[in-house]
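Note that this is a predicted model, so its numbers are computed, not measured. Reminder, nothing fancy here: chain letters follow the sequence lines and each chain counts from 1.
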Number of protein chains: 2
Amino acid sequence: MPKGPTKRRPETLARLLDAALDVFAERSFYGASIEEICDRAGYTRGAFYSNFTSKEELFLALFDRHSKQTLDDLTEALVRATNATDPGKALTEWASVRDPDERRWYLVSTEFSLYAARNPETAARLAEHEAQVRDRIVRILELLFEHIGAKPPVDLVMVARLATAIREGGILQSLVEPDELPVGELERQFLPLFVRAVTAGIR
Amino acid sequence: MPKGPTKRRPETLARLLDAALDVFAERSFYGASIEEICDRAGYTRGAFYSNFTSKEELFLALFDRHSKQTLDDLTEALVRATNATDPGKALTEWASVRDPDERRWYLVSTEFSLYAARNPETAARLAEHEAQVRDRIVRILELLFEHIGAKPPVDLVMVARLATAIREGGILQSLVEPDELPVGELERQFLPLFVRAVTAGIR
DNA sequence: TCCAACGAATACGTCTCCGTATCGGATACG
DNA sequence: CGTATCCGATACGGAGACGTATTCGTTGGA
């Protein structure tokens, strides 16, 4: 008695998640209705309730899917950094090079942070993910210092926090002023500069 | 025929705005009901509809009120910086010193950015405010360089953008992990370091 | 003191969305 | 080929929020 999804289920699930990303990006989480998500996916609410129990659950599932993707990307960047002459570059590239239509995701993920800020349980989940992300970044930074043969003058975890703060803050500005500040521009300009700052007075 | 508020109106308005900040922070913009805001303020919806035409308008009014406050704060920081020996300090302090229970506002303002990202009209309004904020910051930075007698090696407007990005990104992290990362901690640690980085190779 | 204008309360109809309970069709399997 | 299970569709009842139309009380001026 295989309890797992048989055939249609995974497809339905994926299409619901895709539609959810769309609608959440357009209308925000609370503004989105389950009905519109189902419509957009080509189903009725029946499909939704046989796959999820609530909008919250769908939201979490969406986060999980994307967070796996992000970690894979970053792990690959780590591998590349290991073999590269300039590990800092791998970090900068990861931060700045992105699919333009990821804008949808930026909207949703920022809102997910707000959602987490109001839900301790979700916050823990998000915090764990971000810790994993930071871990990759820290390892890249370690490679960087190893490469120039010096001891880090500051806590690398905080540096990683700073890197993601710059990234998230930059994204927020990009969302509001897409013309003045393209996504990734801030990182492109300042992450290298910052890496230099952190390594300054060492070499 | 004085059309302006006579007596009760300003009081009512202020209490509605206060309550709105509360409820928006708790339930998010779309999650908040007009009714709950009115209840919390001690009124019925009648009061609301005689002061606003929609929830959106209330949201904008809330933003305007706080944005005046922010600009005043920052202008004062600018004045202090003008007379101080270390202008960078004024900037860092402005960024890090905040009322702890401003957490409510951080939640709402971040959501306001998301709202603006979806509404070009609102985005323009927000962009203008942020431009004014940046203007103050740029002037502080100019003082900084004047003080050490050097020409800025990078575009100061971008540096100001970076400063607010660090601030906003840091706040976002603080909201999710209030224990690991108190509000303002990131700025406290890194803004000085960054100021040093920007001025490095000059003096 | 009276009255006009204003501001908040009340009452009503509507609409959207939600969740459940039930049904029908497809699919996997013997 | 038949059947049991799974999955999505349909149908229903209900709750909550919205916006308006109207009423009531208060305030400030004549």
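B:Thr12 has a side-chain polar atom (N or O) that falls below the 4.0 Å cut-off from OP1 or OP2 of C:dA8. Contact annotation: A:Asn51 does not reach the phosphate of D:dC7 (side-chain N/O to OP1 or OP2, under 4.0 Å). Remark: A:Tyr43 is not in phosphate contact with D:dG8, judged by side-chain N or O atoms under 4.0 Å from OP1 or OP2. OP1 or OP2 of C:dG7 has not a single side-chain nitrogen or oxygen of B:Ser50 nearer than 4.0 Å.
If you measure from atom CG of A:Leu58 to atom P of C:dC18, you get 11 Å, rounded to the nearest angstrom. Between the P atom of C:dA11 and the OH atom of B:Tyr49 lies a distance of 18 Å, rounded to the nearest Å. When the C1' atom of D:dC18 is taken as reference, atom CD1 of B:Ile37 falls 13 Å away, rounded to whole Å. With rounding to whole Å, A:Phe52 atom CZ is found 16 Å from C:dG19 atom C1'. In this structure, the OH atom of A:Tyr30 is 19 Å from the C1' atom of C:dT16, given to the nearest Å. The CD1 atom of B:Ile34 sits 15 Å away from the P atom of C:dA9 (whole-angstrom rounding). B:Glu36 places its CD atom 19 Å from the P atom of D:dA15, with the value rounded to the nearest Å. Spacing between atom CD of A:Glu56 and atom C1' of C:dG19 amounts to 14 Å, rounded to whole angstrom units.
Looking at A:Arg118, its side chain does come within 3.5 Å of a backbone N or O of B:Ala25 through a donor-acceptor pair.
Side-chain proximity of B:Ala47 to D:dC18, C:dA8, C:dC17: nearest is C:dA8.
Using a 4.0 Å heavy-atom distance criterion, A:Thr44 is classed as a base contact. Counting non-hydrogen atoms under 4.0 angstrom, A:Phe48 reaches nothing in the nucleic acid.
Between the base of D:dG8 and the side chain of A:Arg45 there is no donor-acceptor pair shorter than 3.5 Å.
For the residue pair A:Thr53/A:Glu57, the side-chain donor-acceptor check at 3.5 Å is satisfied.
The aromatic rings of A:Phe63 and A:Phe112 sit parallel to each other, their planes meeting at less than 30°, with 60° as the upper class boundary.
At a threshold of 4.0 Å, the pair A:Glu36-A:Arg40 counts as salt-bridged, since one of the basic side-chain nitrogens sits closer than that to a carboxylate oxygen. Of the charged side-chain nitrogens involved, none lies within less than 4.0 Å of a carboxylate oxygen, so that B:Asp22 and B:Arg27 do not count as a salt-bridged pair.
The nearest heavy atom of DNA chain C to B:Leu13 and to A:Glu35 marks one nucleotide each, and the one closer to the 5' end goes with B:Leu13.
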